[in-house]
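Okay, so here's the structure we're looking at.
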Amino acid sequence: MTSLSGASALLALLVASTLAADFVTFGGQIFTPGFAILDAPQPGTPLGGNTIEVALDVSADGKLNLPPYDPDSPSLIHNITIFMYSYDTGRNFTITNGTAGENNASLGDIMLSEPGSTVKHVKWVWPDCLIGDGKPDSSDSDRGAYNISIRQNFRLNGEDHYTIFDVPISVTNSIDFVGNNPACDSVDNPLLTPEEINATAANSVGILFAPGDATVIQQTTASGVARPMLFEWRSVVVGLLALGGVHFISF
């Protein structure tokens, strides 16, 4: 059995070498460069149904206060926006940008949804050009490979950050017309190149609150009371995303 200190050292080395492109997971949760922890969907999942659901823990597993925040708190989430884009199809759909669209074609501020819950379940009706079943059947199909892009705008210990976290999924399962599917063009945006997005620079803060991270969250409550929180080491599973899929190394 690997010793605790030995596992810690090996884990730190692996995490440091894989932050840029791979996934760090524990108990099915995926850590991100921010306070949010992704519960669903898992990378590479084929999706369909009436809606796409993105489940996010927005409290760093209970370590960050929920809104309403003290506006002067050293740590808080300004907003979280979510997009779904594909370089194969050229589409860049808005799932939520903080302002609800007409008939919820795009969703409002997820931080204000499900008050009191640390997990926000973002349920978005698929746009009409994704209705169908199976893999793309023509070169002009909008179905196929996409990335769910989670953008976090937050303050950590007095320093503001904007980070980008992409999770690959495939739109290949059955999607039916449900009556309020938004028109694709109404939620589509210009697709930026990877160079224009520059996620590497945006994510220089690194994966936060992953196992082995001892970051102290400095924050005050709405009443102004200081509440430092320490993220302690736990045994983990590190999920490494490789070309052949997601691989897991256990300690």
Practice item. Dump the intermediate steps for side chain to side chain donor-acceptor pair (under 3.5 Å) on D166 and Y85, then the final yes or no. Key: CA-CA 10 Å; D166 290 350; Y85 74 89; 2.4 Å; yes
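- Using a 4.5 Å heavy-atom threshold, the side chains of I150 and F83 count as separate.
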Review point. Yes or no on side chain to side chain donor-acceptor pair (under 3.5 Å) for D160 and H78, after CA distance, side-chain angles and deciding distance?
Key: CA-CA 9 Å; D160 286 321; H78 296 297; 3.0 Å; yes
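- In this structure, V187 and S106 approach most closely via the heavy-atom pair CG1-N, 4.4 Å.
- Just one of N97, T96, I110, N153 meets the side-chain contact (heavy atoms from CB on, under 4.5 Å) condition when paired with N79; it is N153.
- Side-chain contact check for I131 versus D176: every heavy-atom pair is 4.5 Å or farther apart.
- When hydrophobic clusters are built by joining Ile, Leu, Val, Met, Phe, Trp and Tyr residues whose side-chain heavy atoms come closer than 4.5 Å, directly or via intermediates, L130 is grouped together with I82.
- Within 6.0 Å of CG on D133 lie more than 12 heavy atoms contributed by other residues, nucleotides or ligands.
- D185 has a carboxylate O that lies under 4.0 Å from a charged side-chain N of R91, or vice versa, which qualifies the two as a salt bridge.
- Closest approach of L192 and Y87 over heavy atoms only: O-OH, 2.7 Å.
- Considering P182, S186, S86, C129 in turn, C129 is the only one that fulfils the side-chain contact (heavy atoms from CB on, under 4.5 Å) rule with F93.
- Contact annotation: the side chain of L64 approaches that of I77 to within less than 4.5 Å [non-hydrogen atoms, C-beta and beyond].
- The shortest distance between side-chain heavy atoms of I30 and I37 does not fall below 4.5 Å.
- Atom CD of E196 has more than 12 neighbouring heavy atoms from other residues, nucleotides or ligands inside a 6.0 Å radius.
- No donor-acceptor contact under 3.5 angstrom links the side chains of D142 and T89, judged on distance only.
- Closest of all the heavy-atom pairs between I169 and P41 is CG2-CG, 3.9 Å.
- Of all non-hydrogen atoms in F35 and I217, the two that sit nearest each other are CE2-CD1, 4.0 Å.
- Looking at heavy atoms from C-beta onward, M84 lies out of side-chain contact with S149 at the 4.5 angstrom threshold.
- Shown here for D128 and C184, the closest heavy-atom pair between the two residues is OD1-N, 3.1 Å.
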